[in-house]
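Just so it is clear, the model here is predicted, and its values are computed rather than measured. Order of the sequence lines sets the chain letters (A, B, ...), proteins ahead of strands, with each chain counted from 1.
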Protein chains: 2
Amino acid sequence: MAKQQPLQFTLDRGSPVPLYFQLSQQLEAAIERGELAPGSLLGNEIELAGRLGLSRPTVRQAIQSLVDKGLLVRRRGVGTQVVHSQVRRPLELSSLYDDLEAAGQKPATRVLRRAVEPASATVAAALGVAEGADVVHVERLRLAHGEPVARLSNHLPVGLLDLEGGALERAGLYRLMRTAGITLHSARQTIGARAATPAEAELLAEPAGAPLLTMERTTYDDTGRAVEFGSHLYRASRYSFDFQLLARS
Amino acid sequence: MAKQQPLQFTLDRGSPVPLYFQLSQQLEAAIERGELAPGSLLGNEIELAGRLGLSRPTVRQAIQSLVDKGLLVRRRGVGTQVVHSQVRRPLELSSLYDDLEAAGQKPATRVLRRAVEPASATVAAALGVAEGADVVHVERLRLAHGEPVARLSNHLPVGLLDLEGGALERAGLYRLMRTAGITLHSARQTIGARAATPAEAELLAEPAGAPLLTMERTTYDDTGRAVEFGSHLYRASRYSFDFQLLARS
DNA sequence: GAAACGGGTATGTCCGGACAACAGGACCTC
DNA sequence: GAGGTCCTGTTGTCCGGACATACCCGTTTC
């Protein structure tokens with residue numbers, strides 16, 4: 001357990017990006033590159049602060065953000081250790097489109113339907129509007145490498161976003177929302193499974209009665225307003241939900 | 001948007017529980033009880049700190065923990081607001097047993113198998129041991145209200161835990177681990193679906209070929225060691241994964 | 001009427017210090 | 001040799017202050 005040579009960090013006090021953030025990013029990059037070995041001590045906070053010309057609270061804030069990400073573990077009286085890898089990304093509020101793109105699958109979208117409709121009881125309850133009130137309904141078929149992967153059905157409040165057809169084929173719904181200045185805050189979702197109906201089987205190129213993954217999700221922005229209700233169907237033979245989660249506290 | 005009367009908080013400086021934690025718990029309770037209306041401002045930090053006889057960093061730490069939980073939203077230049085509810089609990093590293101118990105379903109467990117076996121390639125890779133090395137294999141049938149819900153298959157390193165049969169029927173695996181002094185840190189999991197084989201259908205009292213939810217999970221403790229690999233089957237007709245997630249940053 | 005300006009107010013960042021609490025090893029005692 | 005005790009190092013908690021920065025809103029200007 002020999003002490004390793006200190007890493008080099010470059011901090012720019014003139015930059016608008018906070019110092020604790022600059023530090024945490026460089027620490028994360030060093031861990032990613034393996035320059036900070038898993039299990040190794042990070043060196044005590046006070047000495048680190050002194051070496052970098054920062055105060056301890058600032059250094060602590062940088063370290064804390066990585067602890068929250070699951071990359072570091074603090075042990076009182078011992079020190080701060082790098083976790084033994086295995087950590088990738090925790091579950092995020094991400095869109096299928098971006099996930100597929102990041103995985104190198106060429107995603108594509110076919111818009112099946114785009115209309116203003118009266119809200120059903122389920123949709124009204126999820127979006128917090130009156131039953132029968134107008135909502136936007138979008139139905140899309142998502143493809144990867146030209147093969148169908150999922151049927152996405154979304155309901156949105158009217159006037160939230162203008163979903164011009166072309167935009168929907170070039171990006172995921174969430175990216176469009178963020179671009180429109182909506183800050184996503186949280187979502188409530190349910191993942192289940194059921195057998196495909198004949199129509200669904202045909203659309204997704206599956207045999208009749210094939211098992212499908214279902215996902216229902218209501219997304220809220222930071223004012224607490226429901227901005228989207230989605231009811232999706234995934235081909236179980238070609239898709240699964242894959243994520244990491246951290247123990248709280 | 002009238003200013004409401006300030007709430008009362010009682011802080012005990014003699015208690016070993018940190019002041020910021022006492023405050024955050026009382027704030028959370030007040031939100032839970034509806035004493036802090038959704039959307040209402042929390043009052044500025046400096047004045048709040050003065051009123052409670054605390055410093056601003058302490059108050060900020062309490063508020064920050066609730067922001068991380070998704071209960072509050074900070075807005076620079078505006079104030080800190082209570083989120084418009086909808087927030088319950090984010091996804092946790094919880095055991096099915098505790099979930100069922102919390103939901104008022106009387107959980108029960110039938111141990112189908114408990115043996116030391118050589119690790120298959122999949123299990124060995126997940127647990128980080130050599131293929132063919134000894135691992136503990138536990139197979140359980142989980143019931144709720146006397147009805148089968150899931151078939152749970154777990155592999156653990158030998159010597160980690162002594163899984164006496166009776167204990168396995170009275171509590172979930174994770175609770176046993178925590179009791180044994182293991183601190184769970186993170187887990188990697190995959191949720192999918194497939195059709196039941198005849199044997200699985202029979203065990204779970206489903207028709208042949210019924211859609212089942214599958215979940216595979218590898219759990220790590222805070223030293224980065226894999227402590228459990230689970231491969232589970234859920235009846236899609238009686239169970240679904242239901243959780244909340246927060247947008248990062 | 002719409003756009004540009006500016007003041008007030010709140011959070012965001014950062015500092016420097018102090019003491020408490022815990023883990024682990026060294027040391028001593030029996 | 002086994003057990004307990006002290007010491008040291010490290011993180012945990014808390015304080016008081018300072019300045020920067022973004023947002024809201026009323027005012028002014030065109």
(Q) The side chain of B/Thr58 is closest to which nucleotide in this list: D/dC14, C/dC22, C/dT13? (A) D/dC14
Q: Using the closest heavy atom to pick a nucleotide of DNA chain D for each, name whichever of A/Pro16 or A/Gly77 lands nearer the 5' end.
A: A/Gly77
Q.
Taking the minimum atom-to-atom distance to the side chain of B/Pro18, which one of D/dT13, D/dG16, D/dT11 wins?
A. D/dT13
Q: Side chain of B/Val78 only, please: which of D/dC14, C/dA23, D/dC24 is the nearest?
A: D/dC24
(Q) Among residues at least two apart in sequence or on other chains, which ones pass salt bridge (charged side-chain N to carboxylate O under 4.0 Å, His left out) with A/Glu216? (A) none
Q | 5' precedence on DNA chain C between A/Arg13 and B/Thr80 (nearest-nucleotide basis) | A | B/Thr80
(Q) With a cut-off of less than 4.0 Å, is there a side-chain N or O of A/Tyr20 near OP1 or OP2 of C/dT13? (A) yes
Q. Are the side chain of A/Gln22 and the backbone of A/Asp12 linked by a donor-acceptor contact shorter than 3.5 Å?
A. yes
**Q.** Between D/dT13 (C1') and A/Ile46 (CD1): distance, integer Å
**A.** 13 Å
Q: Whole angstrom is fine here: how far is it from CG in B/Leu41 over to C1' in D/dC24?
A: 12 Å
Q: Rounded off to whole Å, could you give me the CG-to-P distance for the B/Leu19 and C/dC19 pair?
A: 17 Å
Q. Between atom CZ in B/Arg74 and atom P in D/dT21, what is the gap in whole Å?
A. 18 Å
Q: Kindly say if A/Arg75 contacts the phosphate of D/dG9, meaning a side-chain N or O under 4.0 Å from OP1 or OP2.
A: no
Q. Do we see a donor-acceptor contact under 3.5 Å between the side chains of B/Glu228 and B/Tyr220?
A. no
Q) With respect to the side chain of B/Glu45, which nucleotide from C/dC14, D/dC15, C/dG12 is positioned closest? A) C/dG12
Q: Look at the rings of A/His137 and A/His155 and say which category their plane angle falls in: under 30° parallel, 30 to 60° tilted, over 60° perpendicular.
A: parallel
Q.
Counting only side-chain heavy atoms from C-beta out, which of C/dC15, D/dT13, C/dT11 sits nearest to A/Ser55?
A. C/dC15
Q. In whole angstroms, how far is the P atom of D/dC14 from the CG atom of B/Leu23?
A. 10 Å
Q: Answer yes or no: is there a donor N or O on one side and an acceptor on the other, between the side chain of A/Asp99 and the main chain of A/Ala102, under 3.5 Å?
A: no
Q: Mark yes or no for a side-chain to base donor-acceptor pair under 3.5 Å between A/Arg56 and D/dT13, with no hydrogen or angle criteria applied.
A: yes
Q: Provide, to the nearest angstrom, the distance between the CG atom belonging to B/Leu11 and the P atom belonging to D/dT13.
A: 15 Å
Q: Give the nucleotide from the list D/dT13, C/dG12, D/dC15 with an atom nearest to the side chain of B/Arg60.
A: C/dG12
Q: Please state how far atom CD1 in B/Ile63 lies from atom C1' in C/dT11, giving the value in whole angstrom units.
A: 10 Å
Q.
Please report the distance, rounded to the nearest Å, between CG in A/Leu48 and P in D/dT10.
A. 12 Å
